[in-house]
Novice: 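My structure is below; once you've seen it, I'll send some questions.
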2 protein chains.
Amino acid sequence: MDHLHRCQLCAVRKLAVCGAMSDEQLNRLNEIAHYKKYAAGQTIISSDQPVTLFANIVSGTIKLTKVTVDGREQIVGLLFASDFLGRTFGRTNRYFAMAATDVELCIFPSDAFERLIATFPDLKQCLFERTLDDLDAARDWMLLLGRKSAAERVASFLLLLACRFARSPQQAGAQFDMPLKRADMADYLGLTVETVSRQMTRLKATGIIEIKGTRGIKLFSMARLADAAGQSPGD
Amino acid sequence: MDHLHRCQLCAVRKLAVCGAMSDEQLNRLNEIAHYKKYAAGQTIISSDQPVTLFANIVSGTIKLTKVTVDGREQIVGLLFASDFLGRTFGRTNRYFAMAATDVELCIFPSDAFERLIATFPDLKQCLFERTLDDLDAARDWMLLLGRKSAAERVASFLLLLACRFARSPQQAGAQFDMPLKRADMADYLGLTVETVSRQMTRLKATGIIEIKGTRGIKLFSMARLADAAGQSPGD
DNA sequence: CGACATGTTGAACCTCATCAACCGACGTGG
DNA sequence: CCACGTCGGTTGATGAGGTTCAACATGTCG
């Protein structure tokens with residue numbers, strides 16, 4: 001009861017996988033859960049290590065990365081509040097997960113959680129649909145990495161964040177905080193810090209965005225940004 | 001019975017999603033299935049159209065592609081015999097599916113198939129795990145598209161095909177038929193036909209592969225190819 | 001055989017990576 | 001309190017890798 005109470009106060013209760021569960025199911029899930037905080041930069045899971053952890057992201061931003069043998073890095077996924085972290089039905093992790101900002105997680109031990117998946121079809125269904133969405137997102141990103149120019153990549157990324165974060169997504173004047181530093185942006189976009197920086201100032205110069213400090217982003221025109229991103233406005 | 005008989009003769013019976021199903025379940029699936037052939041180049045499903053079709057690939061190679069507004073193309077997935085085609089739990093397609101070679105499909109109408117998914121948890125589980133594998137593969141490819149050189153990309157692709165096709169995957173001397181033409185290779189690797197062609201001749205010149213005709217590929221050293229691909233041999 | 005698609009090779013160009021210098025913010029220790 | 005180092009970010013100069021454009025070779029199918 002006390003535990004369940006925590007869930008009812010949870011910031012991401014409705015949006016996370018928990019949203020698909022009844023009170024009784026939620027209680028079971030809650031029994032195995034615990035909160036944990038990670039400082040920006042900390043490693044949460046490591047590639048080629050056994051899967052030990054599943055988690056809901058309560059707050060913050062997590063980057064999933066892969067590295068080549070000689071150390072080149074690519075971000076293959078970003079997770080925000082209410083997203084789910086962890087590779088179900090896999091033995092070893094295929095990527096690193098690191099806190100891109102300070103992060104708060106609601107963690108489930110892997111063995112207990114996999115038993116719950118087997119018990120509650122709704123939970124499994126929810127995870128399935130999220131995986132399908134992740135796959136769609138990954139494929140969208142493949143188009144960006146394979147075929148888009150540096151300018152288009154940066155614009156696409158800002159558009160992505162705007163759609164996820166801005167209070168009024170369709171409006172001009174939307175603003176948000178950039179959760180990544182330039183180096184992480186570069187690793188996500190398949191570019192270098194220098195080009196990212198240059199493209200950002202270029203977007204500022206053309207009057208499509210305004211940059212406040214280094215993290216504050218204000219969009220003057222969603223349509224022009226979508227145009228610069230090389231994609232249709234509705235996408 | 002006659003129908004079930006067809007399944008028992010099916011080339012991909014064990015490897016496709018059908019492998020997870022009992023005879024009774026298979027019978028139900030079979031009732032709604034029909035075979036269909038597509039010539040190389042034909043479009044099987046179109047982006048932004050409603051989902052109407054799920055299918056097992058009996059033979060041939062299918063490319064999943066995305067296009068920018070101005071026509072640049074990127075292959076975001078390749079499907080081979082025994083793979084599954086179709087976006088479950090989605091309203092509209094997010095990509096095009098086209099026959100890269102002549103293709104034979106075992107097609108299920110979407111509505112009937114989704115009812116079967118709801119009925120047979122094993123089937124759903126199987127599709128879930130395939131989706132997770134697809135996601136892993138997509139993310140591997142993001143590393144390639146974002147961070148690898150042209151030489152590494154081509155080598156990685158040959159390695160991928162070798163692992164999937166060659167009779168004795170671990171052996172040197174493995175050989176297979178390239179299922180894609182140069183233009184498709186380019187669209188998969190985020191390059192142009194010209195660079196693909198140059199890198200292929202370069203691999204031939206360094207004695208890592210032999211090219212017979214335009215489609216026949218023979219690998220002299222799996223280890224050297226993995227090295228050229230910029231990844232550890234076991235990957 | 002001829003026509004068209006597919007593949008190769010060459011030369012010029014351009015985008016982006018690389019290398020380097022610089023700036024501001026922040027934190028730490030003398 | 002200021003000197004110092006570190007980290008994140010910006011800007012400039014240079015060059016390499018890959019695209020683009022073009023010509024040519026090869027293959028395939030009627």
Side-chain angles (χ1 to χ4, degrees), chain A residues 39-42 61 63 68 70-74 100-102 144-157 177-205 209-217 228 230, chain B residues 39-42 63 68 70-74 98-102 144-158 177-205 209-217 228 230:
Chain A
Q42 274 193 284
T61 302
K63 55 174 176 169
T68 60
D70 59 338
R72 284 166 287 171
E73 193 168 328
Q74 175 68 40
T101 65
D102 289 350
L144 177 142
L145 293 172
R147 292 303 184 199
K148 289 193 180 178
S149 70
E152 290 171 323
R153 294 185 198 202
V154 172
S156 297
F157 180 55
D177 266 7
M178 166 61 56
L180 302 187
K181 52 188 178 189
R182 296 289 183 269
D184 285 335
M185 290 178 64
D187 284 343
Y188 196 32
L189 298 170
L191 300 170
T192 60
V193 263
E194 293 92 334
T195 25
V196 169
S197 179
R198 279 184 247 272
Q199 295 301 334
M200 289 291 284
T201 57
R202 202 172 137 281
L203 280 173
K204 184 172 60 177
I209 66 170
E210 186 182 339
I211 304 178
K212 306 179 172 184
T214 55
R215 294 298 182 95
I217 305 285
Chain B
Q42 275 194 283
K63 54 174 178 172
T68 60
D70 58 339
R72 284 166 288 173
E73 191 168 329
Q74 175 69 40
M98 307 174 91
T101 65
D102 289 349
L144 176 141
L145 293 173
R147 293 302 184 201
K148 289 193 180 178
S149 70
E152 290 171 323
R153 295 184 197 202
V154 173
S156 297
F157 179 55
L158 295 180
D177 265 6
M178 167 60 56
L180 302 187
K181 51 189 176 190
R182 296 289 183 271
D184 286 335
M185 290 178 64
D187 285 342
Y188 196 32
L189 298 170
L191 300 170
T192 59
V193 263
E194 292 91 335
T195 22
V196 169
S197 178
R198 280 185 247 271
Q199 295 302 333
M200 289 292 284
T201 57
R202 202 172 138 280
L203 280 173
K204 184 172 59 176
I209 66 169
E210 185 183 338
I211 304 179
K212 306 178 172 184
T214 55
R215 293 297 181 97
I217 306 285

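In what follows, every heavy atom counts, from backbone to side chain, and hydrogens, waters and symmetry copies are set aside. The structure presented is a predicted model; accordingly, all values stated were derived computationally and were not measured. Reminder, nothing fancy here: chain letters follow the sequence lines and each chain counts from 1.
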Novice: Rounded off to whole Å, could you give me the CG-to-C1' distance for the B:Leu191 and D:dT20 pair?
Specialist: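 Atom-to-atom, B:Leu191 to D:dT20, this comes out as 14 Å.
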
Novice: Does any N or O in the side chain of A:Arg147 come within less than 3.5 Å of the main-chain N or O of B:Glu73, such that one atom is a donor and the other an acceptor?
Specialist: yes

Novice: Checking B:Gln74 side chain against B:Tyr188 main chain: does a donor-acceptor pair fall under 3.5 Å?
Specialist: yes

Novice: Can you check whether A:Leu145's main-chain N or O pairs, donor with acceptor, with A:Arg153's side chain at less than 3.5 Å?
Specialist: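 Looks like yes, one N/O pair under 3.5 Å.
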
Novice: Measure from NZ on B:Lys148 to P on D:dG18 and round the result to the nearest Å.
Specialist: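 Taking NZ of B:Lys148 and P of D:dG18, I get 14 Å after rounding.
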
Novice: How long is the line joining CZ of A:Arg202 and C1' of C:dC16, in whole Å?
Specialist: 13 Å

Novice: With a 4.0 Å limit, can you tell me whether A:Thr201 has a side-chain N or O closer than that to the phosphate oxygens OP1/OP2 of D:dT11?
Specialist: yes

Novice: What is the distance, rounded to the nearest whole Å, between atom CG of B:Leu145 and atom C1' of D:dG17?
Specialist: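 After rounding, the reported distance stands at 16 Å.
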
Novice: Classify the side chain of B:Arg198 and the base of D:dT20 as holding, or not holding, a donor-acceptor pair under 3.5 Å.
Specialist: yes

Novice: Remember a base hit wins even if backbone is also touched, and classify A:Gly190 as base, sugar-phosphate or nothing at under 4.0 Å, heavy atoms.
Specialist: sugar-phosphate

Novice: Regarding B:Lys148 and B:Ser156, is there a side-chain donor-to-acceptor distance under 3.5 Å anywhere?
Specialist: yes

Novice: Enter the distance from A:Ile217:CD1 to A:Phe157:CZ here, rounded to the nearest 0.5 Å.
Specialist: 9.0 Å

Novice: Side-chain donor or acceptor of A:Glu194 under 3.5 Å from a matching atom on the base of C:dC19?
Specialist: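 Between C:dC19 and A:Glu194, which were checked side chain against base, a qualifying N/O pair under 3.5 Å is present.
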
Novice: For the pair A:Gln42 (side chain) and A:Ala39 (backbone), establish whether a donor and an acceptor sit closer than 3.5 Å, ignoring hydrogens and angles.
Specialist: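 It does hold such a pair.
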
Novice: Rounded to the nearest Å, what distance is computed from the CE atom of residue A:Met185 to the P atom of nucleotide D:dG8?
Specialist: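 The distance from CE of A:Met185 to P of D:dG8 comes to 15 Å, rounded to the nearest Å.
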
Novice: More than 12 foreign heavy atoms under 6.0 Å from CZ of B:Arg72: is that the case here?
Specialist: yes

Novice: Calculate the interatomic distance between B:Arg147 atom CZ and C:dC16 atom P; express it in whole Å.
Specialist: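 Checked: the CZ to P distance equals 13 Å.
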
Novice: How many whole angstroms separate atom CD1 of A:Ile211 from atom P of D:dT10?
Specialist: 6 Å

Novice: Using a cutoff of under 3.5 Å, can you pull out all pairs of nitrogen or oxygen atoms linking the protein to nucleotides 4-7 of chain C, with atom names and distances?
Specialist:
| residue | atom | partner | partner atom | Å |
| --- | --- | --- | --- | --- |
| C:dT6 | OP1 | B:Lys181 | NZ | 3.0 |
| C:dG7 | OP2 | B:Arg182 | N | 3.0 |

Novice: D:dG18 C1' sits how many Å from B:Glu152 CD, rounded?
Specialist: 14 Å

